[in-house]
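Chain letters run A, B, ... following the sequence lines, proteins first and then strands; every chain starts at 1.
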Amino acid sequence: MDRTDTALVWFRRDLRLADNPALTAAVNQCARVIPLYIHAPDEAAPWIPGRASNWWLHHSLCALQRELHQAGAKLIIATGPTLERLQHIVRQTGATHLFWNRNYDPTSMSRDRDIKQRLTGQGLSCQSFNANLLSEPASILTGQGTPYKVFGAYWRTVSGQLHQIPPPLPPVRRISSPSKDLPTLSPGDLALLPRIPWDGGFHSVWQTGEQAALERWEQFLLHALPAYDRLRDFPDRDGTSRLSPHLHFGEISPRQLLWGLRQQADQSPATVTHLERIHSQLGWREFAHYILYHSPRSANQSLDRRFEKLAWKADDEQDAELQAWQRGETGIPIVDAGMRELWQTGWMHNRVRMLVASLLTKNLGVHWLQGARWFWDTLVDADLANNSLGWQWSAGCGVDAAPYFRIFNPATQAKRFDPEGRYIKRWLPELTGAGKNVLYSGRLSDEPFDYPLPILDLSRSRRDALQRWERIKRQQRE
DNA sequence: TTCCCCTTTAT
DNA sequence: TAAAGGGGA
């Protein structure tokens, strides 16, 4: 090792010290390491991170700052443009190396490619790593050499290769760093927190940062995994891992999860069904990133192009309905409960996400992008790959999509997955004294609850939607 | 081409 | 019980 080498570690969506290949490589290769975060939200346009996401980022940066401090380094926080900032810090510090972990969304990829090219040209050694996916999207292809289009075949192939995945890297405990002398912004300077304090409900639900992510994972393995297959669909139960925001910001890595599950399987082989279920959840996350990698336009357009011509509602037609949906005032209790959970906590149970998406795109005929944009702004786990795949799946216009004739009936779903209405009443306290009919299907005009009447007729809107979708399906695929 | 298979359902 | 479809080997 050349004792004069100084490395920059450019943190992005990998806000952790454990299983962080870029950080580990920097510490191994260079005498001095400077951890760096560059805030440049505009560079993610048109998907500039939303308000809930920013809330999380603020607290996660604070946590990372603490972790790095304990390891003996100061996190340098700066603002973009990223390339110029990197060049400035390289001059300022005499850095010889730059390390980062790859993102796979199209905007990041093209920016990072450019940065790598420019800085390499200026004599900097740039190295990037895969830290956030189990497999490189480019390497998984069908027998014909084309990208997979359905989850099942894709996951079979990836599953077959999982045994090759190395164990997670141990946390970096000691960083020798000259960064103490460098100027930095504080997370607060990035103005990520709300000016109006709407985040009260967030604090009671979430703990951010690497340590919190690890603790949640431990808790999940201990309590939820043994009944995962049975309870994960019930939104009032703590049956899911709730790791999505931690995963999005890279506070924990899929490799850590994979190896944790592997250990669990050795300890209690009885939990095989549950293990397979949670594995396939990891698989869907993986698949979403894979699809966005191979079909970059899927973030902004229907993958099945016929759907761009579907009779989606025009802006002026949809305003009132979209707003009712966003505010949780559609009069359909399970849907409104979900939308209010989202608003108050920055998160929604996945079963309910499917229901509210089905209602918006199919019953209300509002373009899936409107829903995707709302989720993008309000979810703490907002992730371009997962969000695009989820919405296109729901609308029936993406890869491996839900069949167009599958339109959720919110009443049936509520009855099945929230039979006592506990979830509904928790988020819609105005329905506390309501009977099951009201809880499942909404209020009739002579009932006194301070809750809106349904803004739509479920069965008629269902029939209309089927007709619209059927017309589209009859057109030939391009 | 044929056959198997499909996260998340409807009446 | 049926499946208005379609991907992959």
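Across the protein-nucleic acid pair, A:W155 atom CH2 and C:dG7 atom P stand 22 Å apart, rounded to whole Å. A:H279 has its NE2 atom 16 Å from the C1' atom of B:dT7, to the nearest Å. For A:L231 and B:dT8, the CG to C1' distance is 16 Å, given to the nearest whole Å. Between A:F151 atom CZ and B:dT7 atom P there is a gap of 7 Å when expressed in whole angstrom units. A:R416 has its CZ atom 11 Å from the P atom of B:dT11, to the nearest Å. For the pair A:I407 CD1 and B:dT8 P, the interatomic distance rounds to 16 Å; values are reported in whole Å. Between the CG atom of A:L466 and the P atom of C:dA3 there is a distance of 15 Å, rounded to whole Å. Regarding A:H349, its NE2 atom lies at a distance of 16 Å from the P atom of B:dT8, rounded to whole Å.
Closest to the side chain of A:T142, out of C:dA9, B:dT9, B:dT7, is C:dA9. With distances taken from any side-chain atom of A:K149 to the nucleotides B:dT11, C:dG6, C:dG8, the minimum falls on C:dG8. The side chain of A:R462 sits closest to B:dA10 out of B:dA10, B:dT7, C:dA9. In the set B:dT8, B:dA10, C:dG7, the nucleotide with an atom closest to the side chain of A:N350 is B:dT8. In the set C:dG8, B:dT8, B:dT7, C:dG8 carries the atom at the smallest distance from any side-chain atom of A:V150.
Crowding of A:Q117 atom CD: a count of heavy atoms from other residues, nucleotides or ligands under 6.0 Å not exceeding 12. The number of heavy atoms from other shown groups lying within 6.0 Å of CZ (A:R237) does not exceed 12.
Between A:W56 and A:H246, the gap from one ring centroid to the other is short of 6.0 Å.
Pairing each heavy atom of A:W376 with each of A:L384, the nearest pair is CZ3-N, 3.4 Å.
Contact annotation for A:D233: no contact, since no heavy-atom pair falls under 4.0 Å across all strands. No engagement by A:W469 is indicated, since no non-hydrogen atom pair under 4.0 Å with the nucleic acid exists. Residue A:Y404 is in base contact, counting any heavy-atom pair closer than 4.0 Å across all strands shown. Residue A:R353 is classed as having no contact, given no heavy-atom separation below 4.0 Å to the nucleic acid.
The partner of B:dA10 is C:dT1, judged by Watson-Crick or G-U wobble contacts that both fall below 3.5 Å. Nucleotide B:dC5 forms a pair with C:dG6, judged by Watson-Crick or G-U wobble geometry with both contacts under 3.5 Å.
Looking at A:R277, its side chain comes within 3.5 Å of the base of B:dT7 through a donor and an acceptor atom. The base of B:dT7 lies close enough to the side chain of A:R232 for a donor and an acceptor atom to sit less than 3.5 Å apart.
Judged by the 6.0 Å and 45° rule, A:R443 forms no cation-pi pair with A:F449. Figure legend: cation-pi geometry between A:K362 and A:W368 absent, as NZ or CZ is not positioned both under 6.0 Å from the six-membered ring centre and within 45° of its axis.
Regarding contacts with the backbone of C:dA9, a side-chain N or O of A:Y148 is found under 4.0 angstrom from either OP1 or OP2. Taking only side-chain nitrogens and oxygens, A:R406 never comes nearer than 4.0 Å to OP1 or OP2 of C:dA4.
Nucleotides C:dT1 and B:dT7 are separated by 22 Å at their P atoms, to the nearest Å. Taking atom C1' in both B:dT8 and C:dG8, the straight-line distance is 22 Å, to the nearest Å.
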